[in-house]
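Atoms within each ligand, like the ligands themselves, are counted from 1 in listed order.
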Amino acid sequence: MAFAPQKSGGLVTFYDAPPNKYFDDAKVGGEIPYKPDAGVEDTLCFKHYNAKEVIHGRTMEEWLRFSVVYWHTFRGTGADPFGFPTLIRPWDDGTDSVENAKRRLRVAFEFLKRLGVKYYSFHDRDIAPEGSTLEETNKILDELTDLALQLQQETGIKLLWNTCNLFAHARYSNGAATNPDFHVLAYAGAQVKKGLDIAKKLGAENFVFWGGREGFHTLLNTNVKMELENLAAFFRQALTYKQKIGFTGQFLIEPKPKEPTKHQYDYDAMTVIAFLKTFGLENHFKLNIEPNHTTLAGHDFIHDIAMASSFSMLGSVDSNTGSPDLGWDTDQFPMDVKNCTLLMKVVLEQGGLAPGGLNFDCKVRRESNDIADLFIAHIGAMDTLARGLKSAAKIIEDGVLSKLITERYESFSSPEGRAFRDGLFSLEQCEQFVKAKGEPTPRSGRQEHFEAILNHYI
Ligand code: XLS
Ligand code: NI
Ligand code: NI
């Protein structure tokens with residue numbers, strides 16, 4: 001095979017080579033090593049993430065279950081509403097050909113191998129170009145997923161989840177499962193059927209529904225009740241098909257409050273939990289929480305992770321972060337040690353995320369146009385979460401915070417407090433209680449004390 005670079009406008013834009021050659025050319029070395037003592041400017045190595053090291057009873061690899069997303073890392077171009085693509089990859093000839101899609105997939109597996117990440121995730125339309133009919137599209141998808149299966153078998157890399165892109169094509173501009181036109185809804189149904197077939201074929205551990213354009217821009221043209229009922233009916237049919245084909249992965253819904261629609265139905269964790277309970281679906285789904293979506297909903301980073309986990313509904317995390325000062329989904333790599341500590345504390349407390357994982361739904365900035373930046377971004381985030389894991393384990397093992405919380409609620413261990421929680425202490429008894437005991441003594445919430453303790457571990 002010829003490795004001749006093809007020039008366009010003076011830039012090397014594309015050349016055909018074995019996957020490892022692209023990374024060798026970009027001077028990324030071989031597999032990313034663990035070098036805890038590496039120099040400050042050496043960002044192409046792990047300083048904290050040591051896959052086989054045991055923390056809190058399990059290896060880091062088992063707790064962290066990292067996953068690389070195909071759409072940003074291998075389909076991201078750096079284009080934004082004001083600018084053209086900036087991330088021109090030498091393995092991508094810029095066409096929609098099947099050959100290009102296959103080359104890209106091989107490169108992606110090489111990337112995962114070098115990074116030491118065991119999982120990936122994709123939308124159907126990321127890995128395979130769309131044909132002009134459903135039949136043609138599915139045939140192309142079969143060809144690409146045959147290759148994905150072969151690469152999975154060769155490398156041991158697994159599919160954390162796949163999902164269907166039900167939002168990019170013009171047919172979905174008014175939504176998919178909440179579209180006012182049944183014909184469009186049926187198209188989405190056919191697409192999800194194929195998505196589930198692929199999930200089964202590739203042994204996906206989960207299947208995600210992110211409500212792309214399930215929402216509205218104006219209530220004036222929208223029958224909210226009917227759309228939500230249709231969404232629930234759609235999920236019920238997905239469950240029926242899942243059971244029929246014997247796909248055993250976990251179904252996940254990913255909340256997001258806005259973007260692309262003004263109001264997305266899956267607004268945040270509590271909204272989705274309420275929706276699932278309203279329609280009797282709560283035993284069949286868990287949540288895939290993306291912190292950048294949580295902050296878009298006006299909550300802080302950890303809010304939806306904590307809420308979902310409290311209701312035993314946290315299934316997986318799209319571990320990214322936003323800019324606290326911006327109102328859109330910037331999908332940055334999580335580099336904040338404190339947030340990652342809080343995240344890993346929840347993960348440890350609920351006994352892990354499996355079959356979910358920490359899926360990097362993140363993109364490098366459009367200015368970060370070196371191939372090495374792709375590695376550095378993932379390494380940096382993996383190291384931050386590894387630090388978070390270590391700090392969270394220390395917090396839990398020391399037990400100081402949990403002891404303080406137990407003390408804060410100790411009045412509920414009194415006979416009256418316990419009776420109340422058991423539903424056996426009436427309002428009349430409350431009245432008697434207060435008449436006997438008088439005014440409660442004010443008690444400090446001690447927020448600053450708790451914050452100072454957290455900082456001790458960071
Ligand atoms: C978009 C979502 C999307 C889902 C997968 O904001 O995060 O990328 O994770 O469809
Ligand atoms: Ni996401
Ligand atoms: Ni997102």
Polar side-chain atom of Glu214 near backbone of Ala177 as donor-acceptor pair, under 3.5 Å: yes
Under 3.5 Å: donor-acceptor pair, side chain of Thr163, backbone of His123: no
Asp329 atom (N/O/S) at minimal separation from the Ni ion (ligand 3): OD2
Row check, Trp63 ring normal vs Arg58 NZ/CZ: under 6.0 Å, within 45°: yes
Under 3.5 Å: donor-acceptor pair, side chain of Gln264, backbone of Gly211: yes
Sorted by chain and number, the residues that approach ligand 1 to under 4.0 Å with a heavy atom: Trp71, His123, Trp161, Trp210, Glu254, Lys256, Glu290, His293, Asp318, Asp329, Asp361
Test side-chain hydrogen bond (donor to acceptor under 3.5 Å, both in side chains) applied to His72 and Asn320, Asp126, Asp361, the passing residue: Asp361
Check: Arg366 side chain, Phe84 main-chain N or O, donor-acceptor pair, under 3.5 Å: yes
Side-chain heavy-atom pair Asn174, Val184 within 4.5 angstrom cut-off: no
Sub-2.8 Å protein N, O or S atoms surrounding the Ni ion (ligand 2): Glu254 OE2, Glu290 OE1, Asp318 OD2, Asp361 OD2
Lys/Arg cation over aromatic Phe23: Arg114, 6.0 Å, 45° cone: no
Main-chain N/O of Arg75 paired with Tyr70 side-chain donor or acceptor, under 3.5 Å: no
Donor-acceptor contact below 3.5 Å, side chain Asp383 vs main chain Lys47: yes
